[in-house]
Amino acid sequence: MAKKAQATWGGRFSTGTAELMQKFSESVSFDARLAPFDLQGSRAHSAMLAHVGLITKAERDAIHGGLDAILAEVLAGKFKWSTKLEDVHMNIEHALTKRVPAAAKLHTARSRNDQVATDMRLYFKAACTDVIQRLDGAQRAILAVAEANAEVLIPGYTHMQRAQPVFFAHHLFAYLEMLQRDAERMAVVADHANWCPLGSGAIAGTTLPIDREFAATALGFVDAKGRPRVTQNSMDAVSDRDTYLEFAAACATIGVHLSRMAEDLILWASQEFKFVELPDAFCTGSSLMPQKKNPDSLELIRGKSARLQGNLHTLLTLVKGLPLTYNRDLQEDKPPIFDSHDQTVLCLEVLAGTMAGLTVNRDRCTAAVADPALLATDLADYLVRAGVAFRDAHHAVGAVVRLAEQKKVPLDRLTHVDVKSVHEKFGADWVESFHLTKAMKRRTGTGMPGPAQLRRQFARWRKLLG
Ligand code: ARG
């Protein structure tokens with residue numbers, strides 16, 4: 001049954017909202033986490049109202065006192081949230097007005113539309129910093145594994161077939177590159193969030209003489225020189241959700257990176273590879289098969305990346321085709337954002353924990369990388385150094401590989417006579433091409449897995465990650 005008209009907009013209504021509608025409409029169950037940002041926004045807004053003379057300094061101080069008290073309650077978990085008051089904004093305003101009569105003036109020249117847009121931009125700036133810190137933590141954990149196994153070589157794979165030898169650390173550094181780009185992307189998202197929509201009102205600003213720049217500066221929406229950054233179109237400001245899409249996309253990209261890394265580790269931990277041993281603390285057993293040790297942390301990271309992509313898709317679909325400006329649909333923007341934030345942070349922490357307990361099975365790596373076929377390309381390069389065109393060299397080495405297969409011997413166990421019969425430019429030193437240490441040393445260019453480059457990259461990452 002309909003209840004008494006709700007106070008905030010009650011003037012126009014003869015009855016209140018149905019209980020079912022209240023249940024359907026409330027967002028406080030998830031947007032309560034915006035409380036610190038909402039309080040911060042109200043503090044700046046009331047300071048601005050006093051600055052332009054719309055409220056007195058005494059009223060401002062009373063409001064600030066009330067906001068501080070509510071913040072303390074919220075942080076202590078003592079604030080009583082009510083779904084009847086719909087969202088975080090009305091819960092706080094209600095509690096504030098009960099304490100401080102002057103709070104009835106707080107909503108002057110403000111709408112929940114510019115209020116929630118402001119709260120979320122403050123939230124995004126903090127969330128991006130949070131994710132960047134967790135990315136850093138994951139990167140450090142990866143670097144530590146690289147440090148502990150700096151000498152280890154493994155086969156690198158293309159098409160899941162053995163391709164060429166790489167240092168294990170070189171492979172790990174590929175993930176550091178990905179996560180570094182993720183951190184840079186998050187910093188861009190934080191920069192895009194750094195515009196103040198407050199003062200846009202419900203859609204078209206206000207007739208009252210507010211000072212948007214004052215509020216923006218108070219909230220830290222400023223450029224590198226400290227100049228206020230305020231949004232330039234009131235209609236865009238209350239309906240723009242670009243930062244949401246960018247944040248969700250950045251989280252989804254992190255998810256994809258972690259998922260690929262998880263997949264490599266799952267393969268490496270399998271009996272077939274056995275390159276690494278995962279920590280018991282991040283694995284589970286089987287309720288049926290006693291021998292099993294399953295890489296659940298990595299599988300869940302791989303699985304959660306689907307969820308992060310889903311959140312991005314939810315947001316894209318939510319905004320698509322929405323007419324300007326604010327529509328209530330937009331309340332649904334928050335659960336996927338909070339979920340992406342929380343799950344991304346969790347995945348990064350779990351990855352760091354898994355890496356911290358990971359050990360490398362050096363014997364297995366050494367055995368796998370001893371496969372001379374990994375250096376077939378080096379043998380072609382040998383011919384190139386002897387003046388043979390690469391296409392011809394590639395063809396000749398292909399014939400050598402076939403010959404070794406026919407004779408059922410490893411590539412480096414063919415005789416000089418054997419290879420000479422394939423191509424006359426194979427000298428007596430042909431077999432040197434399979435000397436792994438020498439082969440690695442020849443990979444000298446930037447970005448290559450040679451030992452000198454590896455040392456450079458170790459130095460670079462130590463410096464970057466502090
Ligand atoms: N809880 C709402 C949201 O998150 C706040 C904005 C409400 N605005 C409105 N016109 N009903 O979208």
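Just so you know, these numbers use all the heavy atoms, side chains as well, and skip hydrogens, waters and symmetry mates. Each ligand, and each atom within it, is numbered from 1 in the order the structure gives.
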May I have every N or O pair linking ligand 1 to the protein at under 3.5 Å, one per line with atom names and distance?
residue: ligand 1; atom: 1 (N); partner: Ser27; partner atom: OG; Å: 3.4
residue: ligand 1; atom: 1 (N); partner: Asp87; partner atom: OD2; Å: 3.0
residue: ligand 1; atom: 1 (N); partner: Gln331; partner atom: OE1; Å: 2.9
residue: ligand 1; atom: 4 (O); partner: Lys334; partner atom: NZ; Å: 2.8
residue: ligand 1; atom: 8 (N); partner: Asn113; partner atom: OD1; Å: 2.9
residue: ligand 1; atom: 10 (N); partner: Asn113; partner atom: OD1; Å: 3.2
residue: ligand 1; atom: 11 (N); partner: Arg112; partner atom: NH2; Å: 3.4
residue: ligand 1; atom: 12 (O); partner: Tyr326; partner atom: OH; Å: 2.4

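Side-chain contact annotation: Arg460 with Gln457, donor-acceptor N/O pair under 3.5 Å present. If you check the side chains of His341 and Asp130, you find a donor sitting under 3.5 Å from an acceptor. Side-chain contact check for Asn361 and Glu277: no donor-acceptor pair (N or O, by modelled atom type) lies under 3.5 Å. Between Thr206 and Arg110, the side chains place no donor N or O within less than 3.5 Å of an acceptor N or O (distance only, hydrogens not considered).
Only one option out of Arg307, Arg33, Lys304 pairs with Asp339 in a salt bridge (Lys or Arg N to Asp or Glu O under 4.0 Å); it is Arg307.
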Exercise. Could you go step by step and tell me if Phe458 and Leu143 meet the side-chain contact (heavy atoms from CB on, under 4.5 Å) rule?
Worked result: CA-CA 8 Å; Phe458 264 114; Leu143 178 60; 4.1 Å; yes

